[in-house]
*Asks:* 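Handing you a structure now.
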Amino acid sequence: MATIVMERIGRVFISLQQIREVPRMLTEAAPSMPGTVRDSEVPSYFRERYICTGYRPLNQSWRYYFLSLFQRHNETINIWTHLLAFLIILVKLRQLSETVDFLNDPHSWPLLILILSSLTYSACSVTAHLLGSKSELCHYVFFFLDYVGVAQYQYGSAVVHFYYAVDEGLHRHVHGIFMPVASILSCLSCLGCCTGKYCNHTLPTWVRKVCQVVPSGLTYMWDISPVVKRLMSWSTASNDPALIYHLGQMAFFLSCTFFFTCPLLERCFPGRCDFVGQSHQLFHVLLSCCTLCQIHASYLDYVVRRKLYSHLHRSDEAVLFVGLYVVTLVVCALIVAFMLRKAKQMLDFTAKSK
C-alpha cells in the first residue's frame, strides 16, 4: 500500500513539474515580442494623426506580426473589430443557408454576393491592419488589398439594393445602366483609395482623404439610391419590416463616414487614444453594424418582395450580375497591380537616393 501511495505521489509531483514548465515551453516556442515604438521611430506614412505610441517595429518575422494579434498595440482593436465582424457574418451565413437555397435559387445570388463581399472586406481589413506594418512594400500590398475588399463590397451593396429594394418607377429609368455604372464606380473607388495611399508617401494626409472619400461617396450615393427612393414612400409602406433596417444601415454608414474623415477623439485627447478610443476603431464598429443591418434588410426584401423583384428581373439577370461581380474583381486587381508597381518604383528610387 505504501508503495502504491508513493508511486501516485510521484506521478502527481511529475505532473506538477510538467505544468510548471508550460510557461517556459510557450515562451521558447513563441518568438521574442519586441515592444512597441513611438511614431518618430517609424516612417511618416505609417503614422496616424494624434497617435503617438503603440507602433510595431518594422522588418520583424512574419510570425511576430501574426502573433501580434494577441499583443497590445495601436492596431489591436482595429484588427479585432473586423475579425469579430467576420465571424458574426459567417454565423449569419450559416443561419441563412438553412432557409435560403443559395445553390439552386438564382434570385438568392445577389444576397449571397453581399454576404461573400462582406466577409471579404472584413478579412482584407484584418489582414491589412495585422500585417501592414512589416515593411514599406507590405504596407502598400495589404492596404491595396483592403481597398479591393471595399470596392467589391460596394458592388455587393449595389446589387442587393437594385435587385431587391428598387421600385418599379426607378427600375424603368435605370434598368440596363444601374449595375454597369455601379461596377465602374466601384473600380474608381478602388483607384481613388489606392491613389490616396500612394500619394500619402509625399503629400499631406488630407489629400489621401479626398482621394478616398470623394469617389467612395459618389459610389455610395449611387448604390443607396433605390433604398432612398423607397424610404421616401415610408408613409405608404409602414408595414414593410425591412425599412427600419435600411434606415439603420444608412444611419450607421453616415456615422462611420464622419469618424473615418475626422479623427475627433484623437484630436481632443492626443496621446490618450493610442490603444483604444481611436476614431478609426469606431469607424470599424459602425461599418460592421451597417453591414449587419444591410444583410438583414436584404434578406427581408428577398423574402417579402419576391413577387415584385421576380417580375422586374429576368431569370438570367442574376447570372449577369454574378459575372459583372467577377469582372469588377478582375479590374480592381489590375488597378492594384498597376498602383503596386508605381509604389515599388517609388520605394526603390527612395532607397537608391539615400
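Along the sequence shown, residues are numbered consecutively beginning with 1. Just so you know, these numbers come straight off a predicted model, no measurement behind them.
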*Asks:* Indicate yes or no: at least one non-hydrogen side-chain atom of Pro110 is less than 4.5 angstrom from one of Tyr164.
*Replies:*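 Side-chain contact under 4.5 Å: yes.
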
*Asks:* Under 4.5 Å between side-chain heavy atoms, hopping through other hydrophobics if needed: is there a path connecting Ile77 to Leu67?
*Replies:* no

*Asks:* Quick one: side chain to side chain donor-acceptor pair (under 3.5 Å) partners of Gln249, sequence neighbours excluded?
*Replies:* His161, His246

*Asks:* Ring centres of Trp222 and Phe178 under 6.0 Å apart?
*Replies:*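 Yes, ring centres under 6.0 Å apart.
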
*Asks:* May I ask you to decide if the ring planes of Phe321 and His313 are parallel, tilted or perpendicular, using 30° and 60° as cut-offs?
*Replies:* perpendicular

*Asks:* Distance from Arg305 atom CZ to Ser298 atom OG, nearest 0.5 Å?
*Replies:*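 Those atoms lie 11.0 Å apart.
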
*Asks:* Quick one: hydrophobic cluster around Val150, which other residues, with the 4.5 Å side-chain cut-off, linked directly or via members?
*Replies:* none

*Asks:* Of all residues at least two apart in sequence or in a different chain, which pass the ring-ring contact (aromatic ring centres under 6.0 Å, His included) check with Phe269?
*Replies:*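 None.
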
*Asks:* If two hydrophobic side chains count as joined below 4.5 Å and joins carry through other members, does Leu329 share a cluster with Leu334?
*Replies:*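 Different hydrophobic clusters.
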
*Asks:* Are the charged groups of Lys344 and Asp348 less than 4.0 angstrom apart, N to O?
*Replies:* yes

*Asks:* If you measure from OG on Ser157 to CD on Gln154, what distance do you get to the nearest 0.5 Å?
*Replies:* 7.5 Å

*Asks:* Between Cys187 and Thr328, is any pair of side-chain heavy atoms under 4.5 Å apart?
*Replies:*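 Contact flag for Cys187/Thr328 side chains = yes.
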
*Asks:* Backbone N or O of Leu185 within a donor-acceptor pair of the Ser189 side chain at under 3.5 Å?
*Replies:* no

*Asks:* Is any side-chain heavy atom of Tyr163 closer than 4.5 Å to a side-chain heavy atom of Met179?
*Replies:*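 The answer is no, as the side chains (C-beta and beyond) never meet within the 4.5 Å cut-off.
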
*Asks:* Looking at residues at least two apart in the chain, or sitting in another chain, which of them share a side chain to side chain donor-acceptor pair (under 3.5 Å) with Thr81?
*Replies:* His284

*Asks:* With salt bridge (Lys or Arg N to Asp or Glu O under 4.0 Å) as the criterion, how do Asp39 and Arg49 come out once you've worked through the C-alpha distance, each side chain's angles and the decisive distance to 0.1 Å?
*Replies:* CA-CA 10 Å; Asp39 54 355; Arg49 287 182 293 174; over 6 Å; no

*Asks:* Taking Gln281 for the side chain and Gly277 for the main chain, is one N or O donor matched with an acceptor at less than 3.5 Å?
*Replies:*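 Yes, the answer is positive, given that a donor and an acceptor are paired below the 3.5 Å cut-off.
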
*Asks:* Drop me the distance from Ser118's OG to Ile295's CD1, to the nearest 0.5 angstrom.
*Replies:* 4.0 Å

*Asks:* Suppose clustering is done on Ile, Leu, Val, Met, Phe, Trp and Tyr with side-chain heavy atoms closer than 4.5 Å. Which residues sit in the same group as Val91?
*Replies:* none

*Asks:* To the nearest 0.5 angstrom, please state how far the OH atom of Tyr309 sits from the OH atom of Tyr302.
*Replies:*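 Answer rounded to 0.5 Å: 5.5 Å.
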
*Asks:* Minimum heavy-atom separation for Ala343 and Phe144, please, with both atom names.
*Replies:* CB-CE1, 4.5 Å

*Asks:* Taking the side chain as every heavy atom from C-beta outward, state whether Pro241 and Val304 have any atom pair closer than 4.5 Å.
*Replies:*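 Pro241 vs Val304: side chains touch.
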
*Asks:* By the ring pair (Phe, Tyr, Trp, His ring centres under 6.0 Å) test, which pairs, at least two apart or in different chains, include something from residues 322-346?
*Replies:* Tyr155-Tyr325

*Asks:* Looking at every non-hydrogen atom in both residues, tell me the closest pair between Gln60 and Tyr65 and how far apart they are.
*Replies:*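 Heavy atoms of Gln60 and Tyr65 come nearest at N-OH, 3.2 Å.
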
*Asks:* Might you point out which heavy atoms bring Ser135 and Phe46 nearest each other, and give the distance in Å?
*Replies:*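 Distance-wise, the nearest heavy atoms are O-CZ, 3.5 Å.
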
*Asks:* Linking I/L/V/M/F/W/Y whenever their side-chain heavy atoms sit closer than 4.5 Å, directly or via other members, would Leu119 and Leu87 fall into one cluster?
*Replies:* yes

*Asks:* So which heavy atom on Cys194 is nearest to which on Val336, and how close?
*Replies:* SG-CG2, 4.1 Å

*Asks:* With the side chain counted from C-beta on, respond yes when Phe142 and Lys134 share a heavy-atom pair under 4.5 Å apart, and no when they do not.
*Replies:*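 With C-beta onward as the side chain, the pair stays apart.
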
*Asks:* Check Ser117 against Gln152 and note the closest heavy-atom contact, atom names and distance.
*Replies:*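 Shortest heavy-atom contact: O-NE2, 2.8 Å.
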
*Asks:* Tell me whether Ile51 shares a hydrophobic cluster with Val285, the cluster being built from Ile, Leu, Val, Met, Phe, Trp, Tyr side chains joined at under 4.5 Å.
*Replies:*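 No: no chain of side-chain contacts under 4.5 Å links Ile51 to Val285.
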
*Asks:* I'd like to check Asn74 versus Thr53 (side-chain heavy atoms, cut-off strictly below 4.5 Å). Are they in contact?
*Replies:* no

*Asks:* When you measure from the side chain of His139 to the backbone N and O of Gly132, does any donor-acceptor pair fall under 3.5 Å?
*Replies:* yes

*Asks:* Among residues two or more places apart or on two chains, list those pairs meeting salt bridge (Lys or Arg N to Asp or Glu O under 4.0 Å) that have a residue in residues 147-171.
*Replies:* Asp167-Lys229

*Asks:* Return each pair, listed once, that meets salt bridge (Lys or Arg N to Asp or Glu O under 4.0 Å) where at least one residue sits in residues 262-273; pairs must be two or more places apart or across chains.
*Replies:*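 Residue pairs passing salt bridge (Lys or Arg N to Asp or Glu O under 4.0 Å), neighbours aside: none found.
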
*Asks:* Nearest 0.5 Å please: distance from the CD1 atom of Ile177 over to the CZ atom of Phe162.
*Replies:* 9.0 Å

*Asks:* Measure across Ser279 and Leu264 and return the closest heavy-atom pair with its distance rounded to 0.1 Å.
*Replies:*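 What the structure gives for the nearest pair is OG-N, 3.2 Å.
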
*Asks:* Indicate yes or no for a side-chain donor-acceptor contact from Ser216 to the backbone of Val213 under 3.5 Å, with no hydrogens or angles considered.
*Replies:* no

*Asks:* Distance alone, cut at 3.5 Å: any donor-acceptor contact between the side chains of Tyr50 and Gln278?
*Replies:* no

*Asks:* Any ion pair linking Asp146 and Lys197 (charged N to carboxylate O, less than 4.0 Å)?
*Replies:*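 No, this pair does not count.
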
*Asks:* Test your reading of the model: is there a side-chain donor-acceptor pair from Ser133 to the backbone of Arg56, 3.5 Å cut-off?
*Replies:* no

*Asks:* I want to check something: taking the side chain as every heavy atom from C-beta on, are Leu347 and Tyr140 in contact at a cut-off of under 4.5 Å?
*Replies:* yes

*Asks:* Check whether the ring centres of Tyr121 and His82 lie less than 6.0 Å apart, and answer yes or no.
*Replies:* yes

*Asks:* Using ring-ring contact (aromatic ring centres under 6.0 Å, His included) as the criterion, list what pairs up with Tyr220, not counting sequence neighbours.
*Replies:* Phe253

*Asks:* So which pairs with a foot in residues 102-111 pass salt bridge (Lys or Arg N to Asp or Glu O under 4.0 Å), sequence neighbours left out?
*Replies:*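 Only Asp105-Arg306 qualify under salt bridge (Lys or Arg N to Asp or Glu O under 4.0 Å).
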
*Asks:* Among all residues two or more places apart in sequence or in another chain, which pass the side chain to side chain donor-acceptor pair (under 3.5 Å) test with Arg314?
*Replies:*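 Applying side chain to side chain donor-acceptor pair (under 3.5 Å) to Arg314 gives Asp316.
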
*Asks:* How far does OH of Tyr153 sit from OG of Ser122, to the nearest 0.5 angstrom?
*Replies:* 8.5 Å

*Asks:* Please identify each residue that fulfils ring-ring contact (aromatic ring centres under 6.0 Å, His included) with Tyr245, with sequence neighbours left out.
*Replies:* His296

*Asks:* Same hydrophobic cluster for Phe275 and Phe70, using side-chain heavy-atom links shorter than 4.5 Å among ILVMFWY?
*Replies:* no

*Asks:* Does any part of the side chain of His280, heavy atoms only, come nearer than 4.5 Å to the side chain of Glu48, both counted from C-beta?
*Replies:*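 Not touching, per the 4.5 Å side-chain cut-off.
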
*Asks:* Side chain of His73, backbone of Ser68: donor and acceptor closer than 3.5 Å?
*Replies:*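 Yes, His73 side chain to Ser68 backbone: donor-acceptor pair under 3.5 Å.
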
